[in-house]
S.K.: 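Right, I'll just put the structure down here and ask away after.
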2 protein chains.
Amino acid sequence: MSRTAGAAGAVAGQGTGQGPEQGAGIKDVAREAGVSVGTVSNVINRPDLVSERTRRHVREVIDRLGYVRSESARQLRAGRSRLLSLLVLDMGNPFFVDLARGAERTARAAGLSVMVCNSDQSPAAEAEYLSLFAEQRVHGVLVTPADPSGSNLQEFRRHGIPFVLVDRVAGGVGGCSVSVDDVAGGAMAVRHLVSLGHRSIAYVSGQGHLLQVRDRRTGALDALAEAGLPPDALREVDADRLDVNSGRDAGARLLGMAERPTAVFCANDLLALGVLQAMYAAGVRVPEDIAIVGYDDIEFAAAAAVPLTSVRQPAATLGAMATELLLDEAGEQGAAHRHQQVVLRPELVVRGSSQIRR
Amino acid sequence: MSRTAGAAGAVAGQGTGQGPEQGAGIKDVAREAGVSVGTVSNVINRPDLVSERTRRHVREVIDRLGYVRSESARQLRAGRSRLLSLLVLDMGNPFFVDLARGAERTARAAGLSVMVCNSDQSPAAEAEYLSLFAEQRVHGVLVTPADPSGSNLQEFRRHGIPFVLVDRVAGGVGGCSVSVDDVAGGAMAVRHLVSLGHRSIAYVSGQGHLLQVRDRRTGALDALAEAGLPPDALREVDADRLDVNSGRDAGARLLGMAERPTAVFCANDLLALGVLQAMYAAGVRVPEDIAIVGYDDIEFAAAAAVPLTSVRQPAATLGAMATELLLDEAGEQGAAHRHQQVVLRPELVVRGSSQIRR
DNA sequence: CGAGTGTCATGAATCGATTCATCCTGGACG
DNA sequence: CGTCCAGGATGAATCGATTCATGACACTCG
């Protein structure tokens with residue numbers, strides 16, 4: 001793009017030509033140190049088998065040559081990589097970012113790295129990623145399934161790579177899972193709204209094929225039934241995706257409804273934030289004119305125009321526990337591993353969007 | 001180690017004896033199909049070199065055995081992996097999530113996968129990740145440096161793996177970079193505030209070692225100078241980290257200041273959202289009592305209590321362009337590659353947090 | 001009929017580290 | 001002095017796919 005770039009390129013060319021800069025192998029180290037490759041390998045992996053003298057000498061040579069062992073070669077021998085994969089539904093959702101953080105911390109403590117991927121709620125993308133993981137001979141997979149049928153995972157099972165379902169109970173698929181009780185969460189939200197006197201509540205959701213979305217609705221209906229209200233007290237509003245923009249659209253639609261509900265329960269906080277914006281833009285007061293409850297309790301929920309009442313999920317814990325289960329299954333004593341379905345409880349966090357400040 | 005281990009071993013032995021469930025190799029395919037391994041490889045990688053008949057037959061066997069080629073073996077031969085690494089400062093910041101999305105799209109179009117990692121603004125973590133990438137013989141690295149000295153990258157250069165700086169101009173380090181003009185962005189923000197009549201402006205920032213933070217301040221000072229205001233019209237408020245919580249703390253401190261500034265410019269939107277919350281909690285009106293301008297224009301900026309005026313950065317474009325440069329440098333004709341420093345321009349988005357609605 | 005041409009398939013060498021059976025050496029001990 | 005042993009070092013085999021020089025075969029043309 002500029003002349004300066006040219007000069008830089010020339011410099012780079014010289015660099016590669018001159019020295020054997022790129023990639024000293026274990027053989028180079030062995031030769032340079034006057035020992036066998038086996039010894040070099042031992043220095044790195046089982047230092048106690050090598051004499052103090054040799055160890056120090058080889059280490060010195062390694063540093064001097066800038067030797068870095070090749071993971072691919074190790075992997076090839078070991079049969080599997082030192083990577084964990086985490087496949088989430090939406091990286092734009094802070095809930096999954098927190099989840100990833102929890103997983104990463106735990107994995108790194110065990111000497112593994114994490115590769116985070118995004119299925120964007122598409123079963124096709126999910127399938128593609130899963131086969132990528134199989135090619136990589138990944139150590140294990142944490143996955144929030146996008147495919148309700150579970151056939152992607154069924155297929156994946158053939159490869160013998162352990163996986164743990166996250167934010168979803170392992171039902172037909174079998175195996176380990178760590179999830180949060182979405183039915184209970186949905187019930188909490190709606191029970192709260194009912195206790196505030198609301199009798200007509202909208203459920204804003206989308207991506208109906210996601211179990212989380214369906215379970216939260218189920219919980220909502222349970223809560224209504226509990227209160228002796230008919231199921232049609234819950235009015236469905238569909239959003240395209242589970243993000244802020246779709247929430248805004250849904251909010252607009254909500255405003256146009258005849259006999260507008262007095263409260264809104266959203267399948268996640270992104271939707272809720274969108275709905276909130278729509279209300280704000282239309283001059284509808286929250287919570288006086290309409291109450292809003294979200295789901296996930298992402299960090300931004302508390303920072304919203306009106307702080308958002310939300311159902312908190314222990315995202316980081318979810319990621320960490322799932323990783324632990326995965327490591328157990330993938331470990332030496334993997335044979336002794338028993339599959340577990342861990343279900344955590346969510347927690348309702350009441351803020352200004354549902355309750356009038358006094 | 002224990003009796004059970006022995007038993008487990010036996011089971012495993014049976015397993016391998018019975019069904020080739022786990023991991024059919026290319027050799028198995030070759031044997032089963034009655035061809036050589038070379039032919040199988042050709043079927044996969046250069047189908048045009050194989051006759052229609054054989055091709056079809058081998059494909060059928062591959063499907064039947066559920067053969068998946070081993071990436072590690074390919075990598076070993078190829079010398080480098082098909083993974084791009086992206087090392088960002090903070091995955092909790094939606095700006096970087098957008099950036100990652102842009103990078104991923106471009107990379108996948110080129111048949112590469114992206115591994116996103118989080119240095120959390122720690123030079124030590126950065127160094128650790130970089131050496132991980134070297135071990136992985138990664139195809140290339142996109143990095144938002146956490147280390148101001150650039151010595152981590154200087155060290156990394158030895159490995160001969162191409163890298164591109166993102167959101168940062170390649171200065172001393174050399175090489176490609178794609179960044180946004182932070183000085184210009186800072187100037188835009190403050191120019192805007194000055195034009196609204198503000199004469200005392202706080203700059204809320206933290207992590208002073210980050211160039212982005214410093215550049216934005218420089219721009220702010222430029223704008224003040226432009227307007228004939230003294231540098232001390234900019235009042236520094238330090239936050240620990242660049243997140244919402246730190247912003248809330250900084251906001252509290254701001255409230256305690258003698259001769260409180262009439263406007264706040266924050267180094268990023270997370271801080272701004274935190275400051276906004278602090279004001280809201282203290283009953284200080286925005287923008288009437290104090291104006292706020294953020295930076296990044298993340299999605300949540302528009303959803304805030306008072307929609308946030310912010311300096312928008314083309315995050316996804318940043319990621320995509322950086323990936324393109326990286327692919328060019330890592331490509332066949334890498335020798336012909338000229339290093340480039342691309343600098344994009346940010347854009348001021350004015351919303352309610354700075355300007356009184358009329 | 002022999003030479004030439006083009007299409008397919010082959011299989012050994014290779015990438016770089018790990019592992020394990022083997023070998024060496026110096027010292028202890030009977 | 002011979003034997004045994006333990007601590008160290010060795011180097012060949014191995015993991016699984018790619019690549020390329022070589023070979024087999026069919027077919028055409030002079």
Side-chain angles (χ1 to χ4, degrees), chain A residues 20 22-59 61-62 65-82 132 134-139 159-161, chain B residues 16 20 22-59 61-62 65-82 111 134-139 159-161 332:
Chain A
Q22 66 257 32
I26 198 174
K27 277 186 245 169
D28 303 303
V29 175
R31 187 171 351 98
E32 183 74 9
V35 299
S36 73
V37 293
T39 300
V40 177
S41 176
N42 281 337
V43 168
I44 299 171
N45 302 303
R46 308 140 85 170
D48 46 312
L49 293 186
V50 182
S51 76
E52 173 70 18
R53 250 176 59 81
T54 337
R55 202 188 319 154
R56 214 162 11 214
H57 177 217
V58 171
R59 286 243 171 82
V61 173
I62 287 180
L65 297 190
Y67 164 72
V68 183
R69 72 182 163 194
S70 151
E71 255 297 306
S72 12
R74 307 189 70 198
Q75 274 178 39
L76 176 56
R77 193 89 227 292
R80 63 177 172 184
S81 93
R82 308 177 58 70
L132 176 72
E135 286 192 357
Q136 305 258 20
R137 303 289 193 273
V138 149
H139 201 83
H159 305 303
I161 297 176
Chain B
T16 40
Q22 64 254 34
I26 197 173
K27 277 186 243 168
D28 303 302
V29 175
R31 188 171 349 98
E32 183 76 8
V35 299
S36 73
V37 294
T39 300
V40 177
S41 175
N42 281 336
V43 168
I44 299 171
N45 302 302
R46 306 138 86 172
D48 46 313
L49 293 186
V50 182
S51 75
E52 174 70 17
R53 250 176 60 81
T54 335
R55 202 187 318 156
R56 208 151 30 203
H57 178 218
V58 171
R59 285 243 171 82
V61 173
I62 286 180
L65 297 190
Y67 164 73
V68 183
R69 70 180 165 197
S70 151
E71 254 298 305
S72 12
R74 308 188 70 197
Q75 274 178 41
L76 178 55
R77 193 87 227 292
R80 62 177 172 184
S81 92
R82 308 176 58 71
E135 285 192 357
Q136 304 259 21
R137 302 290 194 272
V138 148
H139 202 83
H159 306 303
I161 297 176
E332 318 300 319

S.K.: Check B/A30 against B/S36 and note the closest heavy-atom contact, atom names and distance.
M.R.: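 Closest approach of B/A30 to B/S36: CB-C, 3.8 Å.
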
S.K.: Of all the nucleotides listed (C/dT19, D/dT18, D/dG16), which has the minimum atom distance to the side chain of B/L76?
M.R.: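 Nearest nucleotide to the side chain: D/dG16.
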
S.K.: Atom CG of B/N45 to atom P of D/dC20: distance rounded to whole Å?
M.R.: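 After rounding, the gap between these two atoms is 12 Å.
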
S.K.: Name all residues meeting the side-chain hydrogen bond (donor to acceptor under 3.5 Å, both in side chains) criterion together with B/N45; count only those two or more places apart in sequence or in a different chain, and write none if there are none.
M.R.: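 B/S41, B/R69.
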
S.K.: Can you tell if the side chain of A/I161 reaches within under 4.5 Å of the side chain of A/H139, non-hydrogen atoms only?
M.R.: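 No, every pair of side-chain atoms sits at 4.5 Å or beyond.
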
S.K.: Five pairs per end, C1' atoms only: what is the angle between the end axes of the helix from C/dC1-D/dG30 to C/dG30-D/dC1, to 10 degrees?
M.R.: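 Inter-axis angle at the termini of the helix from C/dC1-D/dG30 to C/dG30-D/dC1: 60°.
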
S.K.: Tell me, for nucleotides 8-13 of chain C in 5' to 3' order, what letter each nucleotide earns: B for a base near a protein heavy atom under 4.0 Å, S for only sugar-phosphate near one, - for neither?
M.R.: SSBB--

S.K.: For D/dG16, take OP1 and OP2 only and decide whether either is under 4.0 Å from a side-chain N or O of B/Y67.
M.R.: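 Negative; the distance criterion is not met.
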
S.K.: Expressed as a whole number of angstroms, how long is the span from A/R31:CZ to D/dT10:P?
M.R.: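 Going from CZ in A/R31 over to P in D/dT10 covers 15 Å.
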
S.K.: Nearest-Å distance, CD1 (A/I26) to P (C/dT19)?
M.R.: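 It is 11 Å, rounded to the nearest whole Å.
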
S.K.: Who are the side-chain hydrogen bond (donor to acceptor under 3.5 Å, both in side chains) partners of B/R82, not counting sequence neighbours?
M.R.: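 Expected list: none.
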
S.K.: Kindly state each residue pair satisfying salt bridge (Lys or Arg N to Asp or Glu O under 4.0 Å) with at least one member in residues 32-47 of chain B, sequence neighbours excluded.
M.R.: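 Every pair satisfying salt bridge (Lys or Arg N to Asp or Glu O under 4.0 Å) with a residue in residues 32-47 of chain B: B/E32-B/R64.
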
S.K.: Checking A/R77 now: which residues fulfil side-chain hydrogen bond (donor to acceptor under 3.5 Å, both in side chains) with it, not counting sequence neighbours?
M.R.: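 In terms of side-chain hydrogen bond (donor to acceptor under 3.5 Å, both in side chains), with neighbours along the sequence ignored, A/R77 is linked to no residue.
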
S.K.: Look at the side chain of B/H159 and the backbone N and O of B/A134, then say whether any donor-acceptor pair between them is shorter than 3.5 Å.
M.R.: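 Not at all, since once roles are kept as given, no pair shorter than 3.5 Å links the two residues.
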
S.K.: Please name the pair of heavy atoms, one in A/Y67 and one in A/I44, separated by the smallest distance, quoted to 0.1 Å.
M.R.: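 Here A/Y67 and A/I44 meet closest at CE2-CD1, 3.7 Å.
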
S.K.: Whole angstrom is fine here: how far is it from CD1 in A/I44 over to P in C/dT19?
M.R.: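 Rounded to whole Å, this separation is 12 Å.
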
S.K.: How many Å lie between CG on A/D28 and P on C/dC15, as a whole number?
M.R.: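 Atom CG in A/D28 sits about 11 Å away from atom P in C/dC15.
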
S.K.: Can you find a side chain N or O atom of A/R46 that sits less than 4.0 Å from OP1 or OP2 on C/dT18?
M.R.: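 No, because none of the side-chain N or O atoms of A/R46 sits under 4.0 Å from OP1 or OP2 of C/dT18.
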
S.K.: Please state how far atom CD in A/Q75 lies from atom C1' in D/dA17, giving the value in whole angstrom units.
M.R.: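 Checked: the CD to C1' distance equals 14 Å.
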
S.K.: Without swapping roles, check the side chain of B/R55 against the backbone of B/V50 for a donor-acceptor pair under 3.5 Å.
M.R.: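 Yes; judged by distance alone, with no hydrogens or angles, the pair exists.
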
S.K.: Which whole-number value in Å describes the distance from B/R80 CZ to C/dG16 P?
M.R.: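 To the nearest whole Å, that distance equals 14 Å.
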
S.K.: Report which part of the nucleic acid A/S70 touches: base, sugar-phosphate, or nothing (heavy-atom distance under 4.0 Å, all strands).
M.R.: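 The answer is sugar-phosphate, as A/S70 gets under 4.0 Å only of primed atoms, P, OP1 or OP2.
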
S.K.: If I take atom CZ in residue A/R74 and atom P in nucleotide D/dG16, what distance separates them, rounded to the nearest angstrom?
M.R.: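 It is 17 Å, rounded to the nearest whole Å.
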
